[in-house]
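Quick notes on the structure that follows.
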Amino acid sequence: QVQLVESGGGLVQPGGSLRLSCTATGTIFSINAMGWYRQAPGKQREAVAVIPTDRDTNYANSVKGRFTISRDGAKNTVYLQMNSLKPEDTAVYYCNALLRTDSVTPSHDYWGQGTQVTVSS
């Protein structure tokens, strides 16, 4: 059973920083990509940053230059360093992993439980 465990959310003032972490555990054969998505109340979930295995990262235009995604493959962990936070960054942030649990089963998306990020003075 695969689980994604997130941490690092919280309340921060505008202009502040937070670092989110997510670790995938369980039966994992390989990981195709990991990423961060967010969803604000009344809005659809949107991709924030995605880091495919052995490929370049992708960022939403709204966070380019402020957020940095990184991965530690040995630990099946993905991070999101968030700087210069704005009130519009307030949302529940979800960790995502596209992975295989064995050599024959197709890749499948797994999601973390979400961690709240609130940017407010």
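Computed from heavy atoms alone, side chains included, the values below leave out hydrogens, waters and symmetry copies.
No donor-acceptor pair closer than 3.5 Å links the side chain of Gln39 to the backbone N or O of Ala91. Panel note: side chain Thr101, backbone Ile28; no donor-acceptor pair is recorded below 3.5 Å.
Counting only heavy atoms from C-beta outward, the side chains of Ser17 and Gln81 approach each other to under 4.5 Å. Counting heavy atoms from C-beta outward, Thr23 and Leu4 have side chains that stay 4.5 Å or more apart. With contacts defined as side-chain heavy-atom distances shorter than 4.5 Å, the pair Pro87/Ser120 does not qualify. Taking 4.5 Å as the limit, some side-chain heavy atom of Trp36 sits within range of a side-chain heavy atom of Val78. Side-chain contact between Val12 and Thr118: absent, with no pair of heavy atoms (C-beta onward) separated by less than 4.5 Å.
Taking CG of Asn83 as the start and CZ of Phe67 as the end, the distance is 8.5 Å to the nearest 0.5 Å. Note: Arg66 CZ to Met82 CE = 9.5 Å, rounded to the nearest 0.5 Å. With values rounded to the nearest 0.5 angstrom, Met34 atom CE is found 4.5 Å from Cys22 atom SG. Annotation: the span from Lys75 atom NZ to Thr25 atom OG1 amounts to 14.5 Å, rounded to 0.5 Å. For the atom pair CG of Asn96 and CG of Asp109, the computed distance is 4.5 Å after rounding to the nearest 0.5 Å. Here Leu18 contributes atom CG and Leu11 contributes atom CG; the two are 8.5 Å apart, rounded to the nearest 0.5 Å.
Residue Leu98 is not grouped with residue Val50 when hydrophobic side chains (ILVMFWY) are merged at heavy-atom distances under 4.5 angstrom, including chains of intermediate members. Hydrophobic cluster membership differs between Val48 and Val92, with clusters built from Ile, Leu, Val, Met, Phe, Trp and Tyr side chains linked at under 4.5 angstrom. By the rule that hydrophobic residues join a cluster once side-chain heavy atoms approach within less than 4.5 Å of another member, Leu20 and Tyr59 end up as members of one cluster.
Looking only at atom types and distance, the side chain of Asn32 has a donor-acceptor partner in the side chain of Ser107 under 3.5 Å away. No side-chain donor from either of Arg38 and Thr90 sits under 3.5 Å from a side-chain acceptor of the other.
Within 6.0 Å of CD in Glu88 there are more than 12 heavy atoms belonging to other residues, nucleotides or ligands. By the neighbour-count criterion of 12 heavy atoms within 6.0 Å, atom CG of Asp56 is sparsely surrounded, having that number or fewer from other residues, nucleotides or ligands.
Of all non-hydrogen atoms in Ser121 and Pro14, the two that sit nearest each other are N-CD, 3.7 Å. Taking each heavy atom of Ala47 and Ala60 in turn, the nearest pair found is O-CB, 3.4 Å.
Every pair passing ring-ring contact (aromatic ring centres under 6.0 Å, His included) that includes a residue from residues 92-121 is listed here, sequence neighbours excluded: Tyr37-Trp111, His108-Tyr110.
Geometrically, Arg71 does not engage Tyr79 in a cation-pi contact, judged by NZ or CZ lying under 6.0 Å from the ring centre and within 45° of the ring axis.
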